[in-house]
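Structure, as C-alpha cells:
All chains are named by letter (A, B, ...) in the order of the sequence lines, taking the proteins before the strands, and each is independently numbered beginning at 1.
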Amino acid sequence: MKPAHLALLLLALLACRPAAAVELKLPGEHRSVRLGLSQTLIGEYHTDVNVFGGDDSPRYFDLKNRTGLVLQHGSTSFNIRFDAHLFSGVPDEPYNNIVYSNQYSLEKIALSSTQRSFEITAGDFGVRVGRGLALDLTRVDELVRDTTLRGGQFRLTTRHVDGQVFGGWVNPLATDDFTEATVRIPSDVIGGGRVEVRPVPALALGLHYTGGGLESRTLRTRDAVHIIGGSVELPSLADRVSVYVEYDFMRTAQDADVLSGHGAYLNATANLGPVALLLEFKYYSHFRFINTFGDNEWDVQIYHRPPTLMWSKQEILNNHDVIGPRLRLDYRIERWGSTVWASYGHFYRSDAAPDVGFFDSGAQINDAFGGLQQTLRGGALDLTGGYRLDTLTQDGQSITDYSQAFAELELSLAVWRNHSVEAELLYRKVTKSAEDFSEIRLSLGYRPSRWVAGSVSYEYSSEITDSDPTDDITVRNHFGGVTGTFNFTPSSYARLFGGTTRGGVRCIDGFCRQVPPFMGVRLEVVLQL
Amino acid sequence: MRSTMKRLALLTLLTLLTPGCVTGGAGSGPANVPNLSLRDVDGRRHTLSDSIGRKVTVMSFWATWCMPCRQELTMLQELYREHARDGLAVLAINGDGPETVGRVRPYVKQSGWTFTVLLDSENRVAALYNPRKQMPMLHVFDRAGRMAYTHTTFQPGHGPEVKRKILDILRSERGAE
C-alpha cells in the first residue's frame, strides 16, 4: 500500500466520526435494525523480525483488517467477522517455521434467536461448561486465540431449570495474532450439554457431559475424549457466603492408550464486614483436554481452563497434576479508600514422578503474593508483589525447579483539569531450568486532553533467548518505544507505535504464549459503532 | 500484491463510509432489545429487557483484574446512588474467565456496589454489544432502548465527561416525559 492510500484511508476515518449507534429503518417495519460495527486495521512494518541479531531476518510489511458486524432486530441477531491478512516482502521460504500467506477469511458467522425461555444459535458460538473444567471456548484476553464452535447450540431457560446442548467443529482464527503464522486448523469435533436445576435461588445443582473427537497427530485415527461431571453451587447464603464445588471425570482414548483423569474444584467465599475470605481447593490428576496436533508452538488447541487463582501474569508450569488449597484475605479500609490483601497457596505436583502419587513425589509449590488497591483523588494505584517456589526432591535433597519474585505497580492519576498520567512498572526475577534472569517493564504515559495521549516504554531482560548463545549473535537486553494515540470518538482511535518490544513468555490467568519480539512501526486504527 | 492492497483499502473505506457517514445517528422506533438473560452474583436471573427499553441503562463491561474498570464502576456507583430513583439502571457485565470468576462475588460485595452485576461467562452479551471484548467499555441506552452513547477505556480525566453524557441523556428523557 502506498503511503498516499493509507493517508486517504485515515482521512476518511477521521472525517466520518460515526455516531454512537446506527439504527436502520426498514420500509414497512415499525422496529429498526441496530447495526454494530467494529473495525480494526493494523499496519506493521517489521524492520528486523529477529531483534536478537542475525542478517537473515526479513524486513516486511503486513496489514491486518478485521471487520465485525452485528445486525440485531428484536430477538434475532446476526454476527459476522471477516479478516484479511496481507503480507509484503516476506521470504518465500518459511522463517522460523512460520509460513506467512495472504488470508481472506470469514472467521465467524452466527445467527441467533433469543426468546424468553429459549435461545437457538446456528454458526459460531462460545461455550463454557461449569467453571471451565469440562470445556471452555470463550475468549477473555488477548493471549487466547479466539476459538469458537461452528455448529448449533440450543439453550433452555425456565424458572427452575437452565439447560443447553451444543455441537460443532472447532473454529480457531486462520492467522495467529502474535506470530502471524498461518494456522493449520484441526478437524476436531466437540459436543455436549449441561443441565442446571435451581429448586430455590440459593441452590444450583448441575450435571454435564462433554465429548470430543480430536484429530490425531498420526492422522490415522481420531482421539476420543469423554468428560462427565457435576456441580453444586450455593451462590448466596445469608448474603455473606458462597460455595461452588465441581467434579469431572475424564476418559481419553489416544491411539491404543486409554487414560483416566480427574478434576475437582472448590471455591468458597465469605464477606464479613471489611474482611473478605476466599478459599480454593483443587485436585487435578491427568486432567488435560488439549490437542497437540502439530510440531509448531501454535499447533495446539486448548479446550478447557481448570481454575487457578494465581497472580494473573504467573507462568504456570503444571495445572493438570496438582493438589492443594489456597487462601486469600482482603481487608477494606473504607475511610482511606484502601484494600490490602494477601494470598497463599501450597500445592503438591505429581508430574515429576507420576507413579508415586502427589504426596510422595517431593514436588511442591509454595505461592504467596499480596498487595494494595488504593483509590486516589482522581485516580487509582495498584501495588502487587509476591514469591513463588516450585521444588523437586532428588536423592533426598530439595532443589529449585522454578522460582519467581515479582513486584508490580499500576498508577493512573489526574494531575490538572483533563491532564492525567499513567505508569506501569513490572519487575521479575526468575530461576528456571537452572537459569537466572531478571526483567523490568516500564511504561509512562501522559494524556493532556480527552483526545490525545502519548507514552514511552522501556524493557530490560537479562534472559538469553537465542537458541545457540555460543554463536556471534548479539543478544539484545534493552528495548524501548514511543506510542501516540488520537481518539477521534469516545470509542474509536488511531495509535502509532515505533520502537522495539521484547516479547517472550506472556501469561494471563494461567494461559501463556511465546510472543515474538517486534522492531518497527505499527499503526492501529480502531473504529466502533 | 499491490492490487490486493488497493482492493482491501477500498473495501475498508466503503465499509467505514457507509454506516459512519450515510446512516449514522439514532433512529426512532420501539425498543430493539434481545431477551437475553443472565444470572447475577447471587444467582438471581435478570433479562436485559427488564432494564433496557424501560430505564436509562448504563451497560459497563468489566473484570476483576481491570483497574480502569474499577475506577469507572466506582464513578457509576456514585451516579447510581444519586439517580436510581430518577430511572437510572446500571448493568455491570462481568467477563472474568474461569480462573478469576470465583473472586467476582467477594469483590462486588466488598466494593459496596448496589447496581446489578451480571456474569456473562459465555460472552453472550459481549457478542452483541462488545465484540472486540474491550474493557472497560460502556454503552448508555435511552429509555426507548436505543444506544445513545458509547465510551471505551477510562482514564481519570474521563469521569466528568462520561457522567455529563449520562446525566444529559437522563435529563432529556425526563424532560420528554
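Between B:Met67 and A:Glu424, the closest side-chain pair of non-hydrogen atoms is not below 4.5 Å. Using a 4.5 Å heavy-atom cutoff, the side chains of A:Asn271 and B:Pro106 are in contact. Taking 4.5 Å as the limit, some side-chain heavy atom of A:Val70 sits within range of a side-chain heavy atom of B:Pro131. Side-chain atoms of B:Phe154 and A:Ser412, non-hydrogen and from C-beta on, never get closer than 4.5 Å to each other.
Distance CG/B:Leu128 to CD/A:Gln72: 5.5 Å, rounded to 0.5 Å. Of the inter-residue distances, the one linking A:Thr269 atom OG1 with B:Gln110 atom CD reads 11.0 Å to the nearest 0.5 angstrom. Atom CG of B:Leu36 and atom OG1 of A:Thr114 lie 4.5 Å apart (nearest 0.5 Å). Interatomic distance, A:Arg128 CZ to B:Leu119 CG, rounded to the nearest 0.5 Å: 9.5 Å. Here CG of A:Asn267 is found 11.0 Å from CZ of B:Arg105. Values are rounded to the nearest 0.5 Å. One finds the CE atom of A:Met310 at 11.0 Å from the CD atom of B:Glu99 (value rounded to the nearest 0.5 Å).
The stretch residues 49-62 of chain B participates, sequence neighbours left out, in these salt bridge (Lys or Arg N to Asp or Glu O under 4.0 Å) pairs: A:Arg116-B:Asp50.
Not one N or O on the side chain of B:Thr100 forms a donor-acceptor pair closer than 3.5 Å with the backbone of A:Leu309.
When each of A:Arg450, A:Arg447, A:His419 is scored by its heavy-atom pairs under 4.5 Å with chain B, the top score falls to A:Arg450. Highest contact tally toward chain B, considering only A:Ser75, A:Gly132, A:Ser38, is held by A:Ser38 [criterion: heavy-atom pairs under 4.5 Å]. The candidate with the highest count of non-hydrogen atom pairs below 4.5 Å against chain A, out of B:Ser37, B:Ala127, B:Ala63, is B:Ala127. Of the listed residues (B:Arg44, B:His158, B:Lys165), the greatest number of heavy-atom pairs within a distance under 4.5 Å of chain A belongs to B:His158.
Only the backbone of A:Leu381 comes within contact range of chain B, with at least one heavy atom under 4.5 Å from a heavy atom of that chain. Both the backbone and the side chain of A:Asp239 have a heavy atom closer than 4.5 Å to some heavy atom of chain B. Neither the backbone nor the side chain of A:Phe118 comes within less than 4.5 Å of any heavy atom of chain B. Only the side chain of B:Arg124 comes within contact range of chain A, judged by heavy atoms closer than 4.5 Å. The contact between A:Gln153 and chain B is made entirely by side chain atoms (from C-beta outward), counting heavy-atom distances below 4.5 Å. Interface residue A:Asp382: backbone and side-chain heavy atoms are both found under 4.5 Å from chain B. Residue A:Arg66 does not touch chain B at all, counting heavy-atom pairs closer than 4.5 Å. Using a 4.5 Å cut-off between heavy atoms, A:Arg240 touches chain B through its backbone atoms (N, CA, C, O) alone. Looking at A:Val275, only its backbone comes within 4.5 Å of chain B, counting heavy atoms on both sides. Neither the backbone nor the side chain of B:Val162 has a heavy atom closer than 4.5 Å to any heavy atom of chain A.
Between B:Glu122 and A:Arg155 a salt bridge is recorded (basic side-chain N to carboxylate O distance below 4.0 Å).
For a heavy-atom cut-off of 4.5 Å, chain A lies close to B:Arg70, B:Gln71 in residues 69-76 of chain B.
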(message) For B:Arg39 and A:Glu233: C-alpha separation, side-chain torsions, deciding distance, then whether side chain to side chain contact (heavy atoms under 4.5 Å, CB included) applies.
(response) CA-CA 13 Å; B:Arg39 300 273 178 191; A:Glu233 184 177 16; over 6 Å; no
